[in-house]
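Since this is a predicted model, take the numbers as computed values, not measurements. Position 1 is the first residue of the sequence, and the numbers go up from there.
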Amino acid sequence: MSQKFYITTAITYTSGKPHIGNTYEIILSDAIARFKRMQGYDVFFMTGTDEHGLKVEQKAKDKGVTPQAFVDGVVDVIKNIWNGMDISYNKFIRTTDDYHVAAVQKIFKKFYEQGDIYKGAYEGLYCTPCESFWSESQLVNGRCPDCGREVKPAREEAYFFKMGKYANRLVQHIVTHPEFIRPASRKREMMNNFLLSDEFIGKSDEELLKAAESGELKTKLQDLCVSRSTFKWGIPVDFDSRHVVYVWLDALTNYITGVGYNPDNPAESYKKYWPADVHIIGKDIIRFHTIYWPIFLMALGEPLPKSVFGHGWLLQGGDKMSKSKGNVLYADDLAGIFGVDAVRYFVLHEMPYADDGIITWELMCERVNADLANTLGNLVKRTVAMTNQYFGGVAKNMGEAGEPDEDFISAASSTCGKVTAAMEEYRVADALDCVISLFRRANKYIDETTPWILYKDESKRARLSTVLYNLLSAIDMGANLLKPYMPRTASKIQAEIGAGERDYKTLSTFAYTPEYAVTNAPSTLFERIKFEDIKPQIAQIEAAQIAESAPAPAEEQKAQITIDDFAKIDMRVGTVIACEAVKKSKLLHETIRVGDRTLSVLSGIAKYYTPEEMIGKKVIVVVNLPPREMKGIMSEGMIVCAEGPDGTLSVVSPEKDIPDGSALS
């Protein structure tokens, strides 16, 4: 039976379309999941959406839709992006799923019944985007310490979780499980900023463990608000209808409900996959995953996840992404210009293990050209081309070794081990660079062996065949190792060189197959891109973002009128019985039957209606306006029209067949 590997991402908050920084996390997790599958693990990869909370309720209200309808629309957008990025998740959980809602209600009740939760009142400073309460001392420059936004005073009745009850156990776990919080720098940050009281900051792990075991350890962990009573969009507390479960207790428990956890009767799938091998999350929410989440699990009597990896942020040129600036980068926009695998490559390769990364259109262009078009694409194309030109498309291992071969074969054979070692530590950028380094080494091998010179010497045919075979063997190994990161490209390379997918255990074996039969029509894996050539597309994307974020034009506020003022307007139903265009104008001249009389009316609607369309149309006419002459024609009234946001005019007609001359009231 294969060893299991359960990996999760943080579930995406459904407040809007995820930008490339959000998308990095799912691509990172996908690369890890694919690599583990390649190693033979039984992988369960789960992602999903966090759909409750005040912010969602407010956004739905602003859109004039229900919260459920709002999140349904956002989920479709998120899934489309994930699928477009070739994300191989096994399950997509939504916190509005019935089974999750039922399990969370049971978990909340279990906590309450065993004394972990009590009812109180919360008074503090609230950050709506983060959905977090803060004390005055926790603020940074008077603002939310997580997102830097404004906080507002708030007070409400709430249920609280007794975090301090489990604080010592948590410290013991963190100290005795160094792999629990990764990178290691995040561990000290969590301990110092959120767990340890001041007198214990700076103590060694041994000192902390001793203090925790003796009961002398002091922490600054405060009881946590776990319900809300000032909005309704959340999971109801089933024994207190005024409350909904606070978003973090709701969201965090997805990691167990998604694999079948229920306090009454956990499913076999839960017993199989839990505990999670790794939670992949952003560094901004590591506190929730390494303090609150393990304490919730301790209260449930369940094992803790083996590891929580808090990755850095992907920043847009060091600047904050903003639609109003037009500088938000989305994965689908990037893929539309560079391709899916180029986007996957960039975000995986350019993100340091423990720090933030930077992405810009220019950097994307440079990296695609340097690494993908030049190093990788050029290597594959010229190797295939030489194999076709020199040997009719078939390169065999003739056993004719040369001076550069030993070092080259050693480099290729050791790559799998280096990649594996990096992936064990979730150093995905380092692992991917090992693969690209193999391709760089192969390019160097071409320069060392000069196949074009060997081709000129008939006595060197065996050596030439061996050189090309060695190149194809290294490319074969590299393509297999590339698959978790760039699955489409890896498959294309294999098709180019006539190689299939290999078992992971063979990827340190050079000369795995006796010959390679390459394609007779080599393709270009990645085209070189000139930044100047894509500037117009970028400008269009940025302009669309700015237009989308622009506030709707304020409606003109007209002076109020009384009912008596309105009663002075005489509007009647009429039928257009004749109509003609007025030359050199935007006017139509209609003859309208209104009861027992006909009116001559001029209307500025020639741009939107032809005379033929108007004849026979029921219209609403203001009939008590003073006559006015235009273009030598007398106008005795005005047709009522509606004007759309873009200025388009639409003639207003009665819904039913109302007799001509009928008055509007």
Show the nearest heavy-atom pair for residues Thr383 and Leu472, with the distance to one decimal.
CG2-CD2, 3.7 Å

Residues Pro183 and Gly310: closest non-hydrogen pair is CD-O, 3.4 Å

Are Tyr6 and Tyr41 near enough that their ring centres are under 6.0 Å apart?
no

Between Lys418 and Asp430, does any NZ, NE, NH1 or NH2 come within less than 4.0 Å of an OD or OE carboxylate oxygen?
no

Does the distance from a Lys or Arg side-chain N to an Asp or Glu carboxylate O, for Arg440 and Asp371, drop under 4.0 Å?
yes

Arg188/Asp205 ion pair, N-O < 4.0 Å
yes

Basic-acidic side-chain contact under 4.0 Å: Lys283, Glu189
no

Determine, step by step, whether Phe44 and Phe5 satisfy the ring pair (Phe, Tyr, Trp, His ring centres under 6.0 Å) criterion, reporting the C-alpha distance in whole Å, the side-chain angles of both residues, the deciding distance to 0.1 Å, and the verdict.
CA-CA 6 Å; Phe44 194 83; Phe5 186 83; over 10 Å; no

For Arg463, is there an ion pair with Asp457 - N to carboxylate O distance below 4.0 angstrom?
no

Are Lys535 and Glu542 within salt-bridge range, i.e. N to O under 4.0 Å?
no

Before accepting this row, confirm whether a basic side-chain N of the pair Asp476/Arg502 lies closer than 4.0 Å to the acidic partner's carboxylate O.
yes

Arg182 charged N/C atom sitting above Phe309 aromatic ring, 6.0 Å / 45°:
no

Run the ring-centre check on Phe180 versus His173 and record whether the distance is less than 6.0 Å.
yes

Side-chain heavy-atom pair Ser88, Arg34 within 4.5 angstrom cut-off
yes

Heavy-atom pair of closest approach, residues Pro404 and Glu448
CB-OE1, 3.4 Å

Can Arg94 and Asp50 be counted as an ion pair, charged N to O under 4.0 angstrom?
no

What's the verdict on side chain to side chain contact (heavy atoms under 4.5 Å, CB included) for Thr360 and Gln316, showing C-alpha distance, side-chain angles and the deciding distance?
CA-CA 6 Å; Thr360 65; Gln316 155 63 338; 3.9 Å; yes

Distance col, row Ser473:OG vs Ile409:CD1, nearest 0.5 angstrom, shows 8.0 Å

Using a 6.0 Å distance limit plus a 45 degree cone around the ring axis, check whether Lys91 lies over the aromatic ring of Phe45.
no

Using ring centroids (six-membered ring only for Trp), state whether Tyr485 and Tyr345 fall under 6.0 Å.
no

Indicate the atoms forming the closest heavy-atom contact of Ile87 with Trp82, along with that distance.
CG1-O, 3.0 Å

Between Tyr89 and Phe92, is the ring centre distance below 6.0 Å?
yes

Name of the residue among Lys396, Met386, Glu515, Arg461 meeting side chain to side chain contact (heavy atoms under 4.5 Å, CB included) with Phe391
Arg461

Below 4.0 angstrom, N of the basic side chain to O of the carboxylate: do Lys492 and Asp341 qualify?
no

Determine, using ring centers only, whether His289 and Tyr255 are less than 6.0 Å apart.
yes

Minimal heavy-atom distance between Gln494 and Ala479, with the atoms involved, is CG-CB, 4.1 Å

Do Lys187 and Glu179 sit within salt-bridge range, that is, some charged N less than 4.0 Å from a carboxylate O?
no

Counting C-beta onward and ignoring hydrogens, is there a side-chain heavy-atom pair between Pro305 and Val278 closer than 4.5 Å?
no

